Amino acid sequence: MPISDPAREPFATPEARSAAGLWGMWLFIIVIAMVFVATMLAYLVVRMGTGDESGWRPEGSPGLPRELILSTLLLAASSWTMQRSLVASRANHDDRAVTSAWATFALGWAFVAVQGLGWSQMWRALPLQDSLYAWTFYVLTALHALHVIGGLAAMYVVIMRVVRSHDHREAVLGLTKCTMYWHTLGAIWIALYATLWVGSFD
Amino acid sequence: MTTLPARPAAPTYDTPESDNYLTHDKGFLSWILTLDHKRIGVMYTASVLLSFLVGGIFALLVRTELLTPGRTFIDADTYNHFFTLHGAVMVFLVIIPSIPAALGNFVLPVMLGAKDVAFPRLNLFSYHLWIAGAVCTVVSLVMGSFDTGWTFYTPYSTTTTAGGVIPVIVGVFILGFSSIFTGMNFIVTIHKLRPPGMTWFRMPLFLWALYSTALIQVLATPVLAITLALVAVERIANVGIFNPAMGGDPVLYQHFFWFYSHPAVYIMIVPAMGIISELIAVHSHRQIFGYRFIAFSSVAIAIFSFLVWGHHMFTSGQSSLMNTLFSAISFSVAIPSAVKVFNWICTLYKGSISLNTPMLYALAFLILFTIGGLTGLHLATLNTDVHLHDTYFVVAHFHYVMMGSALIAMVGGLHHWWPKMTGRMYNEKLGMIACTLVFIGFNVTFFTQFMLGSHGMPRRYYDYQPEFQVYHVISTIGSYIMAGGFLLTAGYLVQSLVSGRRAPANPWGGATLEWECASPPPYYNFHEAPKVGEPYDFSNLKWDERGEGYVTVKPAEAKA
Ligand SMILES: [Cu+2]
C-alpha cells in the first residue's frame with residue numbers, strides 16, 4: 001500500500017479536500033464524455049460514408065433489439081433512485097440514502113443483464129464479423145456497458161464505506177460523485193441509443 | 001560587494017539539510033510506494049531518461065543503417081522495426097511525460113508553496129501506469145515487435161504480420177491514462193492549492209504552461225485511447241470501422257489519430273516553453289518581458305491545437321475547403337509562438353546574462369525552435385506541402401520542434417533544477433561543452449535532412465538513390481556527435497551525485513518559491529508556509545560569496 005503520511009496532506013481543511021475531489025470528478029466526466037463523443041462521431045461518419053445503396057443493414061437482418069427499450073427504462077429508474085439517495089444523504093438520512101443506493105446498484109445490474117439479452121438476440125441473427133451494422137452495435141453498447149460495470153464496482157465501494165464508517169461528510173461526498181457519474185452514463189446512453197436508432201434505418 | 005545582513009531567513013548552506021526528502025525514508029519500497037511528489041518526479045525523471053537511452057540507441061541504429069544505400073548491416077524488416085520503435089519510445093515514453101510528469105511533478109507543488117499535488121495517490125497511480133505501459137512495450141518487443149510507424153495507421157496496423165502490435169497498443173493506451181491522470185491532478189492542484197497571495201498573474205510561467213498542457217492532456221488523450229482500443233479490437237476480430245473492405249474508412253483513423261496527436265505535439269512543446277520562460281528570466285536576472293502575453297499565448301496555443309489536426313492530411317483526399325481551413329488555422333499558431341520568442345529575446349536584451357549550461361540550452365532552444373517553427377510554415381502551405389509531404393523535410397521539421405525544442409528544454413530544465421532535486425552542483429564547464437556538442441550534432445544531423453527532403457528523399461525508406469548518400473553520411477555523423485554530447489552529460493550528472501559540490505538553496509538567483517526551500521527540499525517541502533512575492537522580481541537577491549549561492553536581502557540593503 002502507498003505510504004501515506006497525514007503530515008504531508010496538501011489541503012488545509014477536509015472541506016477544501018472535498019471541493020478539490022469534486023473538481024477531479026468533473027474532469028473525469030469530461031474525459032468519459034470525450035471518449036463517447038468521439039465514438040459516436042466515428043459511427044456517424046462511417047454510417048454516412050456507406051450511403052444507402054451499399055446496404056448498411058444486411059438483407060433480412062433485425063432492427064435494434066426490443067430489449068433496449070426495457071434497459072433504457074431500467075437505467076432511467078436507476079438515475080432516479082440515485083438522485084433520491086443523494087437527496088436523502090444531504091438531508092442527513094444516511095440510512096435511507098444507503099437503501100436507495102442499493103436500489104440503484106440492483107437496477108444497474110438489471111440494466112447490464114437486459115443489455116446482455118439484447119446482445120444475444122442480435123448475435124443469433126448477426127455475429128460480429130457479418131457487417132459494420134452489427135460491429136458498431138456491439139462496440140458502442142459494450143463500451144457503455146463496461147463503463148456501467150465500472151461505475152457499479154465503484155458504487156459498491158462507496159456504499160460499503162458509508163455503511164461502515166458512519167462518516168456523514170464522506171457519505172455525502174461519495175454519493176455526490178456516484179450521482180455525477182451515474183447521470184452522465186444515463187445521458188450518454190440516451191445519446192448513444194438515439195445515434196444507433198437513427199443509424200439503423202436503411 | 002556590500003556586507004551581508006546577519007543571516008537570511010531561508011538557506012542554511014553551511015549545515016546542509018540532513019533530513020530531506022531523499023533521506024527521510026530508506027529502501028526500495030519507500031520509493032515505489034511513496035506519495036511524495038518529489039520522489040515520484042525523480043522516479044519519472046530516471047525512467048524517462050532510461051527510455052531516452054533506449055530510443056536513442058534505436059535512432060543510432062537507424063542512422064547507421066542509412067550510411068549506405070541498400071543493406072548496411074541490418075535487413076529491411078529489422079530496419080522497419082527499429083525506426084518504429086525509435087518513434088514510439090521517444091514519443092510515448094519520453095517526450096510526452098518528460099516535462100509534465102518528470103520535472104513538473106517535482107517542481108509544480110514546490111513552486112506553489114504546497115505540500116503536494118491535490119491527489120497524491122492518483123499521482124503515484126499515474127507513475128505505476130507509466131511503468132505498466134513501458135512493460136507492455138517490452139512485451140511487444142519479445143512477441144515480435146511492430147513495424148507500423150509510431151502512428152499505427154490502418155489498415156496496415158490491423159493487417160501486418162508483426163507480432164507485437166496488440167501489446168504496444170495496449171501499452172500506449174495505458175500510457176494515455178497515465179497522462180490524463182497527471183493532467184487532472186495538475187489542473188486541480190493549480191486551481192485549489194495556490195497559496196494566498198498567488199493570483200493567476202503572480203503564478204510562475206512554468207505553471208501557466210503546465211496548466212495549458214494539462215488541459216490538452218485531459219481533452220485530447222481520451223480520443224487516442226478509444227481510437228487505439230478500436231484498432232486493437234479490429235485487429236483481433238478482423239472487422240471494423242477503419243476497414244475499407246467492409247465499407248469502413250481508414251482516413252477516419254487518421255482524423256482521430258491526429259485529433260490527439262497534433263495536440264500531443266503541444267503536450268510536448270508548451271511545457272518546454274514554460275521551462276524556457278523560467279530559464280531565460282532567472283539566468284538573465286531580469287524581469288520577464290510581457291508576462292501576460294507569454295501566459296495567454298500558452299493558453300492560446302492549447303486552444304489552437306485542437307483545430308489544426310487536418311494539416312497532417314493534406315494529401316489524404318480531404319476536400320479542398322477543409323485543406324484551406326486547416327492550412328489557415330495552422331498558420332495562425334505561428335502568432336502565439338512568435339509572441340513568445342519576441343518576449344524571450346526582449347527579456348535577454350539588457351539582461352545581465354549568466355552564460356551557464358541552462359542558459360546555453362535556452363539559447364539553443366531559441367535558435368532551434370525558430371528554425372523548427374518557420375519550416376512548419378512551409379508544411380502548412382498547401383502547395384509546398386504536396387511536394388514535401390512524407391519526405392525528410394517533415395522529419396527534420398518535427399525533430400527541430402520535438403527534439404531541438406521540447407527535449408532540449410527538458411535537458412535545460414533538468415540542469416536548472418538538478419541542484420534542487422539532488423542537492424549537488426554538476427560540473428559547469430563539462431555542461432557547457434556537452435551542450436555545444438549536442439547543439440552542433442543536432443544541426444549537422446537534422447539541417448542536412450531539410451536538404452535531403454527538399455531534394456525528394458522520402459522518409460522511412462530503407463534504400464535510396466546514391467546521390468543522397470552524402471547527406472545521409474553527414475546526418476549520421478551528426479547523430480554520433482549528438483550521442484557523444486548526451487553521453488558526456490550522463491557522465492558528469494552521475495559524477496555530480498557522487499562528488500559534486502553541495503548545492504546552495506538558490507544557486508541561480510531564482511525568485512520563485514522552489515528556490516526558497518533548501519536543496520534538496522525537506523520532506524514537507526516548507527517548514528513554514530513561504531511568503532509569495534513577484535515570481536520575476538530579482539531585485540532583492542544578492543550573490544553571497546560564502547555560500548556560493550544567492551540570498552534574499554531586505555529591499556533597503558539591496559540598494560546599498
Ligand atoms: Cu500537427
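Only a predicted model underlies this, so the values are computations on that prediction, with no experimental measurement involved. The chains referred to below are lettered A, B, ... by the order of the sequence lines, with proteins before strands, and numbering in each begins at 1.
The cationic group of R8(A) does not satisfy the cation-pi geometry with Y524(B), failing either the under 6.0 Å distance to the six-membered ring centre or the 45° limit from the ring axis.
In this structure, no portion of H255(B) lies under 4.5 Å from any heavy atom of chain A. Looking at V31(A), both its backbone and its side chain come within 4.5 Å of chain B, counting heavy atoms on both sides. Contact of F36(A) with chain B is not made at all, since no heavy-atom distance falls under 4.5 Å. For a residue to count as touching a neighbouring chain, one of its non-hydrogen atoms must lie under 4.5 Å from one of that chain's; by this rule A7(A) touches chain B with backbone and side chain alike. Looking at P120(B), the atoms closer than 4.5 Å to chain A (heavy atoms on both sides) all sit in the side chain, from C-beta outward. Interface residue A237(B): backbone and side-chain heavy atoms are both found under 4.5 Å from chain A. Looking at F125(B), there are no atoms closer than 4.5 Å to chain A (heavy atoms on both sides), in backbone or side chain.
With a 4.5 Å cut-off on side-chain heavy atoms, D5(A) and Y523(B) count as touching. No side-chain heavy atom of W26(A) sits under 4.5 Å from any side-chain heavy atom of M184(B). Residues I187(B) and L27(A) meet the side-chain proximity criterion, which asks for heavy atoms closer than 4.5 Å. Residues L143(A) and I226(B) have side chains in contact (heavy-atom distance under 4.5 Å, counting atoms from C-beta outward). Side-chain contact check for F11(A) versus L193(B): some heavy-atom pair is nearer than 4.5 Å. The side-chain heavy atoms of V223(B) and V35(A), taken from C-beta on, include no pair separated by under 4.5 Å.
Around the CH2 atom of W102(A), the shell of radius 6.0 Å holds more than 12 heavy atoms that belong to other residues, nucleotides or ligands. Heavy atoms from other residues, nucleotides or ligands lying under 6.0 Å from CH2 of W197(A) number 12 at most. In this structure, R169(A) places its CZ atom where more than 12 heavy-atom neighbours from other residues, nucleotides or ligands lie under 6.0 Å away.
The residue among N238(B), L219(B), L230(B) with the most heavy atom pairs within less than 4.5 Å of chain A is L219(B). Counting heavy-atom pairs under 4.5 Å between each of T34(B), I180(B), L124(B), D36(B) and chain A puts D36(B) at the top. When each of V233(B), N243(B), V188(B) is checked for heavy-atom pairs under 4.5 Å with chain A, V188(B) comes out on top.
The line from NZ of K192(B) to CH2 of W23(A) is 6.0 Å long, rounded to the nearest 0.5 Å. Once rounded to the nearest 0.5 Å, the distance linking OH of Y260(B) with CE of M34(A) reads 12.5 Å.
For E15(A), there are no salt bridge (Lys or Arg N to Asp or Glu O under 4.0 Å) partners two or more places apart in sequence or in a different chain.
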In sequence, state the C-alpha distance, the side-chain angles, and the governing distance for I241(B) and Y43(A), and then conclude on side-chain contact (heavy atoms from CB on, under 4.5 Å).
CA-CA 8 Å; I241(B) 56 169; Y43(A) 171 81; over 6 Å; no
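Nearest heavy-atom pair, F256(B) versus A42(A), reported as atom, atom and distance to 0.1 Å: CZ-CB, 3.5 Å. For the pair P10(A) and A118(B), the tightest heavy-atom approach, listed with the atom from each and the gap, is CG-O, 4.3 Å.
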